[in-house]
Amino acid sequence: MIGDWSDTGTGLLPSAVRCGNWGRVARSGKVETMERIGFIGLGIMGQPMARNLLRAGFPLTVYTRDRRKIEAFVEQGANGANSPREVAERSTVVITMLPDSPEVEEVALGPNGVIEGIQSGSLFIDMSTIDPSVARKLHAAFAERGVEALDAPVSGGQIGAEQGTLSIMVGGSEEAFQRALPVFQAMGKNITHVGGPGAGQVAKACNQVVVALTIQAVAEALLLAEKAGVDPARVRQALLGGFAHSRILEVHGQRILERAFAPGFRARLHRKDLRIAQNLAREQAVPLLATQQVAALFDSMLARGLGEHDHSALALVYRALAGEQGEDS
Ligand code: NAD
C-alpha cells in the first residue's frame, strides 16, 4: 500500500512497545531495553543504514520524501510514517540522514517536524553532513524540549553503509554518546566521540578536505601515467602496495579507470561539504589553500553538468583540462 501509514505505525508492534522501550532477552537471561528507532531520509546512505538497524533487531519507523521507498521498508518489517512528527511520536531515538543543512533544519524544526512529536527524554541524532553552526542550533533547540542531540556524520560511503563499517564522528554529551553506541554499532565500526555539540561536524569537514584532495591526487597521477604512455591500471596496482596506498586509490582509482561514475557520493554534495569547510576556515582565519583549488575544480564539475555523478568524476575535469573531451574520453 502506498499512502497513509497511520495504521501501521504501532499496529505491527505489541502493546508493550507503545509505552516504553522494546525488550529483548540477552544471553544472560536479563531483559535489555532496546530503543525504538525513527529514521528519516532513505537515500544512497540512509537506505543501507536503516536496513542494518532492522537487521540488528531494532524496531524501526521510517519516513522519506519518496513514498515508494517507505513502502519497500514496510515490506521488510519497518513501520511507515506520514511525517517527521509522526516518526518522532513513535520513537525513542530519531535519526536524520538528509542532503544538507536546510533539509535537516526543515525536517527537525519545521512544521510537522521532529520537534513537534519528540518526547522529553528521547534522543535526536543527525547523521547528515551539515554546517557545525546548524548542528549546534539543533542541539540547543532540542535541549529546550528536554531532548539530547548528537551530531554524528559518517564516512565510508555507500559500501561502508552497506557493510555496516562506517566511521562515525560524534559531537554531544558523553551520556548521549553512550546511549547511542549500540545504535551506532549496528551501522559502523570506527565510532569516535570527538567532543561537544558540533565537534562531529567539524571532524567531518576535515574528513572531506582530505578525501577531496586525495581524489585530486589520484586523478592527476593516473592521467599523468596514461599521458606518459604507461598503463594507469598497472600504475594503480604498483602504488597500492606502497606509501601512496589509500582507500581512495583503491576504490576511486578503479572507478576512474572504468569510468564508473554512477553515485556513490554525488559531486554536488561533496562541493557542499567543501563549502562547509571553507566557511569554518574563514571563521577561524585558517588558510585552506589546497581546498580552495579543489573546490574550484568541483565548481567546474557542477558547471559541466556532472553534479549528480560520483565525486570521483573529478577525473573528467582533469581530462578536459589536458585536452581530452567528453565523458568517454
Ligand atoms: P541522497 O541524495 O541519496 O539522499 C537524501 C535523501 O533525503 C533522499 O532520499 C531524499 O528524498 C531525502 N530527503 C531530502 N529532503 C527531504 C525532506 N525534506 N524530507 C524527507 N526526506 C528528504 O544523499 P546521500 O548520499 O544518502 O547523503 C545523505 C547525507 O550523507 C548527506 O549529507 C551527504 O553529504 C552525507 N554522506 C554521503 C555519503 C555518500 O557516499 N553518499 C557518504 C558520507 C556522508
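Ligands are counted one by one from 1 in listed order, and the atoms in each one are counted from 1 as well. Here the structure is a predicted model, which means the values were calculated and not measured.
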Closest to atom 2 (O) of ligand 1 among Gln158, Arg266, Met97 (heavy-atom distance):
Arg266
Minimum-distance protein heavy atom relative to atom 25 (O) of ligand 1:
Ile44 CB, 3.7 Å
Taking a cutoff of less than 4.0 Å between a non-hydrogen atom of the residue and any ligand atom, is Asp66 in contact with ligand 1?
no
Kindly work out whether a path of hydrophobic side-chain contacts (I/L/V/M/F/W/Y, heavy atoms less than 4.5 Å apart) joins Phe73 to Val87.
yes
Can you confirm whether the side chains of Gln119 and Glu89 place a donor and an acceptor under 3.5 Å from each other?
no
Is Met45 in polar range of ligand 1, meaning some N or O pair under 3.5 Å apart?
yes
Just which atoms of ligand 1 are under 4.0 Å from any heavy atom in Ser128?
32 (O)
Using non-hydrogen atoms of the residue, decide whether Ser155 is closer than 4.0 angstrom to ligand 1.
no
For atom 17 (C) of ligand 1, which of the options Gln208, Lys204, Arg65 provides the nearest non-hydrogen atom?
Arg65
Give me the other members of the hydrophobic cluster that Ile276 sits in, counting Ile, Leu, Val, Met, Phe, Trp and Tyr linked by side-chain heavy atoms under 4.5 Å, directly or via other members.
none
Test: Glu162 and Arg51 ion pair at under 4.0 Å:
no
Contact region, Leu269 to ligand 1, non-hydrogen atoms below 4.0 Å, reads side chain
Apart from Val194 itself, members of its ILVMFWY cluster (side-chain separation under 4.5 Å) are Met169
Looking at atom 41 (N) of ligand 1, what's its closest protein heavy atom, distance included?
Gly264 O, 3.1 Å
Asp310 bridged to Arg255 by N-O distance under 4.0 Å:
yes
Does a donor on one side chain and an acceptor on the other come within less than 3.5 Å for Tyr318 and Glu324?
no
Starting from atom 4 (O) of ligand 1, find the nearest protein heavy-atom neighbour and note its residue, name and distance.
Gly43 CA, 3.2 Å
Intermediate values then yes/no, salt bridge (Lys or Arg N to Asp or Glu O under 4.0 Å), Arg179 and Glu148
CA-CA 10 Å; Arg179 176 175 174 184; Glu148 277 224 78; over 6 Å; no
Distance-only side-chain donor-acceptor flag, Gln178 / Glu174, under 3.5 Å:
yes
For Glu103, the atoms of ligand 1 under 4.0 Å from one of its heavy atoms are 15 (N)
For ligand 1, which is the ligand I care about here, please tell me if Thr129 has any N or O atom under 3.5 Å from one of the ligand's N or O atoms.
yes
Evaluate the ring planes of His311 and Phe265, with Trp represented by its six-membered ring, and classify them as parallel (under 30°), tilted (30 to 60°) or perpendicular (over 60°).
perpendicular
For atom 14 (C) of ligand 1, find the nearest protein heavy atom and state the residue, atom name and distance (0.1 Å precision).
Pro99 CD, 3.6 Å
Mind checking whether Gly157 has an N or O less than 3.5 Å away from an N or O of ligand 1?
no
Check: Met127 N/O within less than 3.5 Å of ligand 1 N/O
no
Atom 10 (C) of ligand 1: the protein heavy-atom neighbour that sits closest, reported with distance to 0.1 Å:
Thr64 OG1, 4.2 Å
Nitrogen or oxygen atoms of Gly41 and ligand 1 under 3.5 Å apart
no
Check the side chains of Gln208 and Thr129 for a donor-acceptor pair under 3.5 angstrom, ignoring hydrogens and angles.
no
May I ask you to decide whether Glu86 forms a salt bridge with Arg90, counting only side-chain N to carboxylate O separations under 4.0 Å?
yes
Side chains of Asp131 and Ser133: do they bring a donor and an acceptor to under 3.5 Å?
yes
Residue and atom name of the nearest protein heavy atom (relative to atom 43 (C) of ligand 1), distance in Å to one decimal
Val154 O, 3.4 Å
Are any of the N/O atoms in Val107 less than 3.5 Å from those in ligand 1?
no
Closer than 4.0 Å to some heavy atom of Lys272 - which atoms of ligand 1 meet that?
31 (C), 32 (O), 33 (C), 34 (O)
What do you reckon, does Lys69 put a non-hydrogen atom under 4.0 Å from ligand 1?
yes
Run the numbers for me: atoms of ligand 1, each under 4.0 Å from some heavy atom of Leu42, listed by number.
9 (O)
Glu71/Arg68 salt bridge by N-O under 4.0 Å criterion:
no
For atom 22 (C) of ligand 1, find the nearest protein heavy atom and state the residue, atom name and distance (0.1 Å precision).
Leu98 CD2, 3.4 Å
